[in-house]
2 protein chains.
Amino acid sequence: MERLDLPPDVVIRRLPLYARSLRYLQDEGIQFISSHGLGTRINVTAAQIRKDLSYFGEFGKQGIGYNVNKLLAHIEHILGLSKEWLMVLAGVGHLGQAIVRYEGFGSRGVRLVGIFDNDPAKVGQVIEDLPILPDEDLARVIHELGVKIAVVAVPASHAQSIVDTMVAAGIRAILNYAPVVLRVPDGICVRYIDPITALHSMTYYLAQEEDKRRSQTP
Amino acid sequence: MERLDLPPDVVIRRLPLYARSLRYLQDEGIQFISSHGLGTRINVTAAQIRKDLSYFGEFGKQGIGYNVNKLLAHIEHILGLSKEWLMVLAGVGHLGQAIVRYEGFGSRGVRLVGIFDNDPAKVGQVIEDLPILPDEDLARVIHELGVKIAVVAVPASHAQSIVDTMVAAGIRAILNYAPVVLRVPDGICVRYIDPITALHSMTYYLAQEEDKRRSQTP
DNA sequence: CGGACTTTGTGATACAATTCACAACATCTA
DNA sequence: TAGATGTTGTGAATTGTATCACAAAGTCCG
Ligand SMILES: NC(=O)c1ccc[n+]([C@@H]2O[C@H](COP(=O)([O-])OP(=O)(O)OC[C@H]3O[C@@H](n4cnc5c(N)ncnc54)[C@H](O)[C@@H]3O)[C@@H](O)[C@H]2O)c1
Ligand SMILES: NC(=O)c1ccc[n+]([C@@H]2O[C@H](COP(=O)([O-])OP(=O)(O)OC[C@H]3O[C@@H](n4cnc5c(N)ncnc54)[C@H](O)[C@@H]3O)[C@@H](O)[C@H]2O)c1
């Protein structure tokens with residue numbers, strides 16, 4: 001196949017979904033899956049899955065579909081999950097502690113190696129074997145360990161400044177829980193986790209339904 | 001303006017971002033903002049903001065921009081945030097408790113009115129004035145109070161079945177934290193909060209950088 | 001072996017979203 | 001009043017994404 005143009009970001013964002021579904025298939029002991037079979041599990045059309053994968057190579061067999069183990073290995077490799085990326089967390093409050101304890105993060109491809117807070121009362125406490133360090137150590141740890149990923153769980157008002165520090169120290173990817181849009185240099189990847197925004201986009205549809213209902217029963 | 005076609009979902013998803021930014025502007029005491037000014041704050045082009053808003057009406061003034069208070073009120077009204085929507089939560093574990101305590105949820109447009117768990121040891125405990133109820137009461141509460149929004153924070157293996165119960169009882173919008181794609185009837189709105197998937201899409205770009213770096217310094 | 005099924009990978013096509021570009025209007029200054 | 005500046009709202013153009021549809025290749029089975 002000719003792989004001229006690089007895969008668009010929408011495709012990259014779907015790959016982890018494919019990977020997760022393949023892991024469930026693995027757990028179920030299923031060895032082969034067609035694009036159609038995979039698609040029905042995750043509400044994506046078969047054609048889209050095939051086209052997405054075609055950006056990276058040819059992984060299927062006509063008449064059969066995809067070997068679950070092999071396709072998963074391929075996708076994890078494409079996603080860089082065959083290595084282990086180091087990660088730091090800033091802000092060990094309510095949310096931060098929940099993140100540290102969520103085993104999901106540690107499981108695949110990433111490892112939390114440092115947690116930071118600027119509250120002197122918190123510094124020194126240990127959570128899941130990780131001591132809370134002061135902000136002063138943040139840049140040094142990032143730099144010395146070559147950490148590339150950071151999670152931001154500080155109050156919105158402090159998010160931008162801590163991100164500036166992180167980026168200056170070598171962070172290249174940021175998972176941001178604070179409800180602010182971050183300003184970062186080109187090439188730094190940022191993803192937002194924002195349940196409130198998600199909720200507020202759903203209430204739109206609820207309001208629409210309500211309106212329609214009201215206009216039908218006057 | 002002619003408002004022939006309904007606004008696409010991408011637009012609806014951006015509105016809460018505009019609203020949040022306008023709230024910050026309000027806090028700063030700023031009374032007028034141009035599409036350009038708003039755009040630079042949230043990394044969106046001015047033209048996109050104007051086009052998005054044009055789906056709903058004309059809110060700006062040439063030469064001036066938008067009145068912050070008025071535009072915010074308009075957007076919140078469009079999003080259905082002038083009413084208060086009731087919400088239930090299923091799964092009061094680590095994550096669920098963090099959600100109950102996160103004041104962000106209560107603040108605007110939505111109110112948590114019931115929390116549910118199937119662990120008998122948890123039922124009866126009270127968190128932030130809300131008693132944990134057993135799953136048996138879920139359908140009744142949804143139905144009797146007319147609850148339309150649900151948050152899912154149960155283990156992945158239990159998510160689909162509890163969602164089926166919720167939808168049968170009248171839930172129309174679901175915020176899902178469990179790492180599974182849900183199957184719901186047409187018309188039910190689902191949003192996924194999925195930090196692991198977000199992380200795994202970022203490692204792709206890290207791996208790309210690494211590859212490039214390696215090929216440059218052989 | 002041959003014909004009925006399946007399924008992939010991918011150009012071509014259709015659809016969707018974003019950006020461009022500009023007329024129309026508003027304000028300010030002198 | 002007039003000219004300079006700034007901003008909106010929106011058709012048209014552009015860019016981006018998803019779907020279609022089918023040749024090619026594999027399986028299955030009598
Ligand atoms: N996206 C989500 O799902 C979600 C959920 C809950 C909270 N939040 C957001 O996450 C952030 C944290 O929420 P929380 O409930 O944990 O608040 P919290 O007050 O419990 O915790 C914040 C922590 O950050 C620390 N901190 C403050 N400034 C800091 C700095 N400059 N450097 C390092 N640490 C600093 C504080 O000491 C505290 O421990 C807030 O922005 C909140 O809006 C997001
Ligand atoms: N998206 C995220 O940000 C995020 C973060 C952490 C966890 N998670 C996911 O959220 C879910 C919960 O995670 P957690 O860390 O809180 O786990 P947990 O084990 O601490 O809590 C799960 C809770 O759900 C309850 N439960 C189980 N089955 C139930 C049912 N059928 N009805 C009602 N309650 C039920 C359990 O009793 C328990 O209290 C998991 O699916 C996890 O993968 C998501």
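As the structure is a prediction and not an experimental result, all values here were calculated from the model. To find a chain, count down the sequence lines: A is the first, B the second, and so on, and within it residues start at 1.
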Show which side-chain atoms of residues 77-96 of chain B pair as donor or acceptor with protein atoms under 3.5 Å away, not counting sequence neighbours.
residue	atom	partner	partner atom	Å
Glu84(B)	OE1	Arg111(B)	NE	2.8
Trp85(B)	NE1	Gly80(B)	O	2.8

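- Residues satisfying the side-chain hydrogen bond (donor to acceptor under 3.5 Å, both in side chains) criterion with Ser35(B), sequence neighbours excluded, are Arg50(B).
- Atom pair Leu53(B):CG and dT18(C):C1' shows a separation of 15 Å (rounding to whole Å applied).
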> Just by protein heavy atoms under 4.0 Å, how would nucleotides 3-8 of chain D read 5' to 3' in B, S and -?
Replying inline: ---BBB
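- Protein atom CZ of Phe32(B) is 16 Å distant from nucleotide atom C1' of dC28(C), rounded to whole Å.
- With sequence neighbours left out, the ring-ring contact (aromatic ring centres under 6.0 Å, His included) criterion links Phe59(B) to His74(B).
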Enumerate all atom pairs, one protein N or O and one N or O from nucleotides 14-18 of chain D, separated by less than 3.5 Å.
residue	atom	partner	partner atom	Å
dA18(D)	OP1	Arg14(A)	NH1	3.1
dA18(D)	OP2	Arg14(A)	NH1	3.4
dA18(D)	OP2	Arg14(A)	NH2	2.9
dA18(D)	OP2	Gln48(A)	NE2	3.3
dA18(D)	O5'	Gln48(A)	NE2	3.3

Which atom pairs, one a donor and one an acceptor, fall under 3.5 Å between side chains of residues 169-179 of chain B and the rest of the protein, sequence neighbours left out?
residue	atom	partner	partner atom	Å
Arg172(B)	NE	Glu209(A)	OE1	3.1
Arg172(B)	NE	Glu209(A)	OE2	3.0
Arg172(B)	NH2	Glu209(A)	OE2	2.6
Asn176(B)	OD1	Ala178(B)	N	3.0
Asn176(B)	ND2	Ala178(B)	O	3.0
Asn176(B)	ND2	Val180(B)	O	3.1

Name the atoms and distances for all side-chain donor-acceptor pairs under 3.5 Å in residues 154-164 of chain B, with sequence neighbours left out.
residue	atom	partner	partner atom	Å
Gln160(B)	OE1	Arg183(B)	N	2.9
Gln160(B)	NE2	Asp164(B)	OD1	2.9
Gln160(B)	NE2	Arg183(B)	O	3.0
Ser161(B)	OG	His158(B)	O	3.4

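- Under the side-chain hydrogen bond (donor to acceptor under 3.5 Å, both in side chains) criterion, Asn118(B) pairs with no residue at all, not counting sequence neighbours.
- Within the structure, the salt bridge (Lys or Arg N to Asp or Glu O under 4.0 Å) test picks out the following pairs touching residues 66-78 of chain B (sequence neighbours left out): Arg23(B)-Glu76(B), Glu76(B)-Arg108(B).
- The line from CG of Leu17(A) to OG of Ser201(B) is 10.5 Å long, rounded to the nearest 0.5 Å.
- For the helix from dC1(C)-dG30(D) to dA30(C)-dT1(D), the terminal axes (five pairs an end, C1' atoms, rotation from four pairs onto the next four) enclose an angle of 10°, given to 10 degrees.
- Scored by the side-chain hydrogen bond (donor to acceptor under 3.5 Å, both in side chains) test, Ser34(B) finds no partners at all (sequence neighbours excluded).
- Remark: Tyr205(A) pairs with Asp9(B), Ile12(B), Cys189(B), Arg191(B) by the side chain to side chain contact (heavy atoms under 4.5 Å, CB included) rule, at least two apart or across chains.
- Atom CD1 in Ile49(B) sits roughly 11 Å away from atom P in dT19(C) (whole-Å rounding).
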